[in-house]
2 protein chains.
Amino acid sequence: MKPTIRDVAKLAGVSISTVSRVMNAPETVVESKRLKVLDAIEELKYQPNSFARGLIYRKSYTLGLLVPDIENMYYAGMIRGMQDACIKLGYSLMICNTDRDPERLLSYIDAFHEKQVDGIVFASDMLFPEYYDKLVGCRIPFVMVSSHCDEYDIPSVEVDDEAAAYDAVKFLIELGHKQIGMIGFNHANSISGPPRMEGFARALKECGLEQNLEKVKYASHRFEHAYEASHELFSEYPDTTAVFCVADEFAMGTISYLKDRNVLVPGQVSVVGFDNIRMAGMFIPKLTTIAQPIYELGYRSAEQLHELVTTGSVKVTREKMKHKLIVRESTRER
Amino acid sequence: MKPTIRDVAKLAGVSISTVSRVMNAPETVVESKRLKVLDAIEELKYQPNSFARGLIYRKSYTLGLLVPDIENMYYAGMIRGMQDACIKLGYSLMICNTDRDPERLLSYIDAFHEKQVDGIVFASDMLFPEYYDKLVGCRIPFVMVSSHCDEYDIPSVEVDDEAAAYDAVKFLIELGHKQIGMIGFNHANSISGPPRMEGFARALKECGLEQNLEKVKYASHRFEHAYEASHELFSEYPDTTAVFCVADEFAMGTISYLKDRNVLVPGQVSVVGFDNIRMAGMFIPKLTTIAQPIYELGYRSAEQLHELVTTGSVKVTREKMKHKLIVRESTRER
DNA sequence: TCCTTCTCTGAAAAGCTTTTCAAATGCAGT
DNA sequence: ACTGCATTTGAAAAGCTTTTCAGAGAAGGA
C-alpha cells in the first residue's frame, strides 16, 4: 500500500498539517521538524496523492490532445513541441489518437471530461458542431492547432495556408512550368484543403495560367491515395510537368507513382510538397516543400491553452505562424 | 462550476446515494427514480469526478508509456496498438517522450507516480538500474516492449532480434553477396544492438564469410548518423556489395549516401532494413526489411501490463513475437 | 512577574464519490 | 390486521490532501 501523509506524519512525529506545510510552505515550519519530515518523506518515498490534491485544487494539471493520426510524422513533430511546452508549464499531456473516427473522438472527449483535464488541444482538422457542442457542454477550454474555426471565437495557431500554397505554386511558375497539377485534400473533412486550393488558383490566375485550374485531384491523407490520385492526374493530363502536393506524404506518393512509370523527378516532372516533415529531407529525391514550423506550432498551442486555462481568455485569438519555401531536389527549371 | 452528484440528487429529488447507485448498480433502484436521475444527469451533463473516484478505488485507469523518440515511426506504430488495447481494456494512456534523456525519463516516472498511473510500459531500450530502482521504489508495476531485462524478471514482449538479424543476413548471402557490411546500434545504450550483431555474425560464420565480421559501423538511431556511418563503411571497404541495417531509418540513410555517391541500389549494392515501419514501403526503392509486428507489439504490451496490474503477475514473462522477412526492391542477386 | 504579540502547530472541515449499515417502505401470507 | 421478509432508500464514513482557525508556546516589553 502506498504511504500516505499520515504515515509520514507518524514517522516524523508530527501532525499531518505540518507535513503538508513542509511540502507547500516550508518556511512556516521550524527547521528541526522540517528536516525530520523531509527524512520521513525520503524514507517512505512518499508522493502526495494527486487524487486528493485534484479534489481540492479542482485542477488536474493535465492537458488533452486530440490528433487524427499519430503515424503521420506531421503530428509526431507537433507533439514534441507540445510536450516540451507542457514540461515548462507544469502539465502532463494526454495524447489521444482518433484515427479520424468521429465516434472515437467523441468518446475521447468523454474520457477527458471524466479525467478532468484542464484543457484540450484540438488538432483534428474540422471542428464539427457536434464536437463543439460537446466541448462547451463539458465546459472544457480548448484551442485549435493547424486549424481554426470561423463560426466561433476559438483560439488557434496555424500557418497561412492560402499564402503558403500560393508561394509554392508561384515558385513552380517561376521555374518556367506551364502545365501544373495539384494533389489536394478532400474538401469534405479538411480545414486546410480549401485555402490551399485557393492559393493554387490565385497563383495560376495571376500568371494567366487558368487552364490548369481543373488539374486537381484529391486524396485523403495517405501515401496510397496520393499514388492513386497522381495516376488519375497523369492519365488525364499527361503533359503535366509540375505537381503541387498539399502534404509531403502526397509528394512522396506522387513521386513513387512517377518512378514506377519511369518518369524522372525532377528531370521530367517537378514536385513540391507541404509541411516539411522530418522525412522530407530523407526522401530520394529530397523534397522541395513548404516548411511549417511544426515544433513551434505544437509548443505555441500548448502555451495558448495554458493562457486560456489560467486567465480565461487569450490575447491574440487567431495566431498565424510563418511558413517558408525550402528548395531541395524534387524541383527543377523547365 | 462543474455539477456534482449533489446537484444531480437535488434536481432529481433523491439522495446522492441513489444517484450513485443509478450509475453503478442501476438494477437496485426503482425505475421511476432511475429515470428521473438519468434525466438530471443528462440535463446537467454530469460526469462523475474522477478524483473522488480515484481516491476510493485507488486506481486511475491510466497507463503510462515511456518512449525514447516519438518522431520515430517505429514508436508511432506501437502507440497505435497500445492505444487500441487501452480502449478495449478501459484505460487511458499517458504518452511521454523521453528524447533519450535520462533526466527526463526519471522526471516522467515521478509524474507517473504522482498521477498514480496503474502501470507503465517501458519502451526505452535499456533498463538502467537507476530506472529500475526508481520504478520499484514507487511500487509501479511495469512491462517492457521491444526490450527485456536479464537481471530481473520483468514481463516483456519483443521479437527475436538475433534470429531476425540472422535471417536478414542469410538472405543477403543466399542472394550471392560475399562482401557484406552492417550499420548497427551503438552498443552502449541499446538493447537490441548486441543480439542483432550476433545474428549477423552467426550467419557469416555459418557460411564461411568471417572476413566481414569487422565491416560494422555504428550509428545512433537517426538517419544522419547512418549516413555518416555508411560513409565510413564504404570508405574503408569500397568493395562492399550488401549492407545489413538494423533499422529502416538506417537503411534510408545508407541508400541516401549511396545515391549521393551515384551508387545504384539495388543495382550495385543491396540494402536490407529492419522494423518495417510504414515508410519502408514508401521509400524509393521500397525497402527489403525484417518486419516486426509493430502494432501487435504495442497491443500486446498493454494487455500484458493489464494482466500484471490486475492479477499481480503475468503468465509468460518473456514473450517473443514472430518477425518476417519482406523482400521488396532494395536488394538484388549478386 | 505578567501581559502582549508573534510564531508555530494541530484539529477539523472541505472537496466528491462509493459503500456500508440501518431504517423505511412495500408486499405477501396467515 | 399483523408479522415477517424483501426491496429500496438515506445517512454517514472512508479515502487523502489542503487550508482555516484557534490554541499553545515562546519571546519581548513593561
Review point. Considering only D/dT18, C/dT17, D/dT17, which nucleotide approaches the side chain of B/R53 most closely?
Key: C/dT17
Exercise for review: Rounded off to whole Å, could you give me the CD-to-P distance for the B/Q116 and D/dC16 pair?
Suggested key: 10 Å
Review point. More 5' along DNA chain D: B/L55 or B/G13, using each one's nearest nucleotide?
Key: B/G13
Check your understanding: Does A/S15 make a side-chain donor-acceptor contact with the base of C/dA11, cut-off 3.5 Å?
Key -> no
**Study point:** Any B/S17 side-chain nitrogen or oxygen under 4.0 Å from OP1 or OP2 of D/dT9
**Key:** no
Check your understanding: Does a salt bridge link B/R318 with B/E158, judged by any charged N lying under 4.0 Å from a carboxylate O?
Key -> no
Check your understanding: For B/K33 and D/dT8, is the shortest distance between a side-chain N/O and OP1 or OP2 below 4.0 Å?
Key -> no
Review point. Once the angle between the rings of A/Y131 and A/F122 is folded into 0 to 90°, is it parallel (under 30°), tilted (30 to 60°) or perpendicular (over 60°)?
Key: tilted
Practice item. Identify the heavy atoms of B/N97 and B/R104 that sit nearest to each other, and give their distance. Key: O-NE, 3.5 Å
Point to revise | Whole angstrom value for the distance that separates C1' of D/dG15 from CD1 of A/I56 | key: 12 Å
Practice item. Using a 4.0 Å heavy-atom cut-off across all strands, classify B/T18 as base, sugar-phosphate, or nothing. Key: sugar-phosphate
Practice item. Can you tell me the distance, in whole Å, between the CG atom of B/N49 and the C1' atom of D/dG15? Key: 13 Å
Review point. Over how many whole Å does the gap from B/M23 atom CE to C/dT18 atom C1' extend?
Key: 9 Å
Practice item. Report which part of the nucleic acid B/R58 touches: base, sugar-phosphate, or nothing (heavy-atom distance under 4.0 Å, all strands). Key: sugar-phosphate
Practice item. Would you please confirm or rule out a distance under 4.0 Å between OP1 or OP2 of C/dT17 and any side-chain N or O of B/Y46? Key: yes
Point to revise | Rounded distance in Å - CD1 (B/I5) to P (D/dG15) | key: 19 Å
Check your understanding: Taking the side chain of A/Y57 as heavy atoms from C-beta outward, which of D/dT18, C/dT18, C/dC16 is closest to it?
Key -> D/dT18
Exercise for review: For A/E27 and for B/Q47, locate the closest nucleotide of DNA chain C by heavy-atom distance; then report the residue assigned to the nucleotide nearer the 5' terminus.
Suggested key: A/E27
Practice item. Round to the nearest Å and state the distance from B/R6 atom CZ to C/dG15 atom P. Key: 9 Å
Point to revise | Rounded interatomic separation in angstrom, taking CD1 from B/I16 and P from C/dT19 | key: 13 Å
Check your understanding: Should the ring pair A/Y91 and A/H306 be called parallel, tilted or perpendicular, given that the plane angle runs from 0 to 90° and is split at 30 and 60?
Key -> perpendicular
Exercise for review: Classify the side chain of B/R21 and the base of D/dG10 as holding, or not holding, a donor-acceptor pair under 3.5 Å.
Suggested key: yes
Revision key, fill the gap. Rounded to the nearest 0.5 angstrom, the OG-CD distance for A/S301 and A/E296 is 11.5 Å
Exercise for review: Mind calculating the distance between CZ (A/F51) and P (D/dT18) to the nearest angstrom?
Suggested key: 15 Å
**Study point:** Short side-chain N/O contact to C/dT9 OP1/OP2 from A/T28, under 4.0 Å
**Key:** no
